[in-house]
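Numbers for residues simply follow the sequence, beginning at 1. We use all heavy atoms of the structure for the numbers below, so side chains are in, but hydrogens, waters and symmetry mates are not.
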Amino acid sequence: MKTTAVIMAGGRGERFWPKSRNSRPKQFLSLTKDGETMIQKTVKRLLPLVEAEDIFIVTNSAYIGLVHDQLPDIPKENILAEPCARNTAPCIAFAAAVIGRKYDDAVMLVLPSDHLIGYEDLYAKTLKKAIDVSLEGKNLVTIGITPDYPETGYGYIKFGNETAEGNSDAYKVDRFVEKPDLPTAKEYLASGKYLWNSGMFVWKISSIMANLKEFMPAIYEGALRIGEAFGTENYTEVLSKEFYAFTSESIDFGIMEKADDIYTLPGSFGWDDVGNWLAVERINEVDADKNYIEGNVISIGSERATICGGKRLIAAVGVEDLIIVDTDDAVLICSKNNTQDVKKVIAQLNEQGRTSLV
């Protein structure tokens, strides 16, 4: 059976302001010194498993040009433009309907565009196992990440002892749980029965469509109408009408928390969701004082700082545990303890009508 991939690339990456903007969000930025953007890395590590012609990008209509520029080997018809943001369930249903029209049925890898993977060979092996599990019956497979500390910023997957037929590495999912408080996260870690929810999925088109039909019938029907119109002169009109009518709902809440035959494969391949500026020091080399320094910067006596310079010189003297990022029109100075609050800057800018900075 044909293996396809859907890369979800519609997010805004607000916690990476001021580099991430509405016009060029995080997935289209390079946050590593090799110059490759997040979405380019996502596509590149898929190529051993999926042909470029079978990779589909779902993104905001405003980012079509960026996708074309950064991923010239992806066919233009495989870049699916959402007319508005409606969360992951409509995004996935849209892609599944289009791929189903092209191939009738196929394996569908569903992946975020803005994660980094440290060990790509292990990643590929894990996905291959997930593909095998997805081919049995109507199995829905999710890739969980083996936790190594009690993270409170991720949802978790609780799994049991039952394994998939023919694959002892895939465990039947017991339940999905929301982001825990710290004591609960410590309990999850100690139990050895919980994985971080990575947002990566593998299933057949027929399997996810059957579940959409059962649990999200309005989105299922709308997606079918979009798929039927794909490639016709009415496509844009149908897409807009149906997409705006969709409720905004995640695939986790809409399907994964309700369906049967859900399995998870534990992943230990150096996953990082690159959620905020703290990730930069994790994914790049730091100096002897644990600073990450990039661009036009002089650092004297600074420790544990992330400093990204632009055209202007940044002179950092004796700063500790700070994030400093300079762009042409804005400078961010942020304590490492408050990186989650960077998106509040965007909220204030919008309230003040300073949308050119967002």
Side-chain angles (χ1 to χ4, degrees), residues 1-13 19-20 23-83 88 91-92 94-128 130-131 134 143 198-205 226-227 230-231 235-236 239 269-274 283:
M1 183 177 286
K2 176 74 73 172
T3 297
T4 67
V6 173
I7 297 173
M8 299 180 290
R12 293 186 177 181
K19 280 199 173 183
S20 180
S23 60
R24 186 179 290 266
K26 176 179 68 169
Q27 59 270 29
F28 301 107
L29 299 177
S30 173
L31 297 174
T32 52
K33 289 188 174 180
D34 59 15
E36 290 183 328
T37 66
M38 305 286 280
I39 196 168
Q40 286 173 332
K41 286 181 175 294
T42 302
V43 168
K44 184 178 179 180
R45 63 176 169 260
L46 278 176
L47 293 178
L49 297 171
V50 186
E51 298 289 338
E53 64 185 20
D54 294 320
I55 296 175
F56 294 77
I57 313 293
V58 185
T59 191
N60 187 286
S61 56
Y63 306 144
I64 295 296
L66 283 171
V67 177
H68 284 321
D69 290 344
Q70 294 194 7
L71 301 172
D73 293 333
I74 302 298
K76 290 185 177 181
E77 63 270 20
N78 288 15
I79 302 171
L80 307 179
E82 295 177 315
T88 53
C91 167
I92 289 167
F94 170 27
V98 170
I99 297 170
R101 179 176 175 84
K102 183 174 183 179
Y103 291 129
D104 188 30
D105 203 3
V107 173
M108 177 179 173
L109 313 181
V110 181
L111 307 163
S113 60
D114 53 1
H115 294 177
L116 288 180
I117 304 297
Y119 307 104
E120 296 188 358
D121 288 344
L122 282 175
Y123 170 78
K125 288 178 181 178
T126 304
L127 285 181
K128 285 178 181 177
I131 290 168
S134 75
I143 308 298
S198 71
M200 295 186 277
F201 307 101
V202 183
W203 44 52
K204 298 195 300 287
I205 298 292
I226 293 170
F230 187 73
Y235 170 65
T236 301
L239 173 64
F269 39 71
W271 173 84
D272 197 305
D273 78 333
V274 197
I283 63 179

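Summarising the geometry, atom CD1 belonging to I117 is positioned 4.5 Å from atom CZ belonging to R45; distances are rounded to the nearest 0.5 Å. For the atom pair CG (D104) and CE (M1), the distance works out to 8.5 Å, reported to the nearest 0.5 Å. One finds the CG atom of D54 at 8.5 Å from the OG1 atom of T3 (value rounded to the nearest 0.5 Å). Taking CD1 from I226 and OG1 from T236, the interatomic distance works out to 11.0 Å, rounded to the nearest 0.5 Å.
Across every non-hydrogen atom of T42 and P112, the tightest pair is CG2-O, 3.6 Å. Across I99 and A106, no two heavy atoms sit closer than the pair CG2-CB, 4.5 Å. The two atoms that bring I64 and T59 nearest to each other are CD1-CG2, 3.9 Å, heavy atoms only.
E120 is linked by a side chain to side chain donor-acceptor pair (under 3.5 Å) to nothing, counting only residues two or more places apart in sequence or in another chain. Evaluation of the ring pair (Phe, Tyr, Trp, His ring centres under 6.0 Å) rule for F201 yields W203 as partners, not counting sequence neighbours.
Checking side-chain atoms of S113 against main-chain N and O of M8 turns up a donor-acceptor pair under 3.5 Å. Using a distance-only test at 3.5 Å, with no hydrogens or angles considered, no donor-acceptor pair links the side chain of T37 to the main chain of S30. Within the 3.5 Å criterion, the main-chain N or O of V202 finds no donor-acceptor partner in the side chain of S134. Panel note: side chain D105, backbone I205; a donor-acceptor pair is recorded below 3.5 Å. Q27 contributes a side-chain N or O that, together with a main-chain N or O of A9, makes up a donor-acceptor pair within less than 3.5 Å. A donor-acceptor contact shorter than 3.5 Å is absent between the side chain of Q70 and the backbone of Q40. Judged by distance alone, with hydrogens and angles left aside, the side-chain atoms of S20 form a donor-acceptor pair with the main-chain N or O of R12 at under 3.5 Å.
Here the side chains of I74 and V67 are not in contact, with every heavy-atom distance at 4.5 Å or above. The shortest side-chain heavy-atom distance between I39 and I57 falls under the 4.5 Å cut-off. Side-chain contact between D34 and K41 is present, with heavy atoms from C-beta onward closer than 4.5 Å. Using a 4.5 Å heavy-atom cutoff, the side chains of L31 and K26 are in contact. Between D114 and V274, every side-chain heavy-atom pair lies at or beyond the 4.5 Å cut-off. Contact check for N78 versus I55: no side-chain heavy atoms found under the 4.5 Å cut-off. Within the 4.5 Å cutoff, the side chain of T32 has heavy atoms near those of the L116 side chain. Annotation: side chain of I143 is in contact with side chain of L127 (closest heavy-atom distance under 4.5 Å).
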L239 and F94: CA distance, side-chain angles, deciding distance, side-chain contact (heavy atoms from CB on, under 4.5 Å) verdict: CA-CA 9 Å; L239 173 64; F94 170 27; 3.8 Å; yes

Worked check of side-chain contact (heavy atoms from CB on, under 4.5 Å) between L46 and I7: CA-CA 10 Å; L46 278 176; I7 297 173; 4.0 Å; yes

Stepwise side-chain contact (heavy atoms from CB on, under 4.5 Å) test for I79 and F56: CA-CA 6 Å; I79 302 171; F56 294 77; over 6 Å; no

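Around the NZ atom of K125, the shell of radius 6.0 Å holds no more than 12 heavy atoms that belong to other residues, nucleotides or ligands. Within a 6.0 Å radius of CG in D272, more than 12 heavy atoms belonging to other residues, nucleotides or ligands are found.
Residue pairs that meet the ring pair (Phe, Tyr, Trp, His ring centres under 6.0 Å) test with at least one member in residues 95-124, sequence neighbours left out, are H115-W271, Y123-F269.
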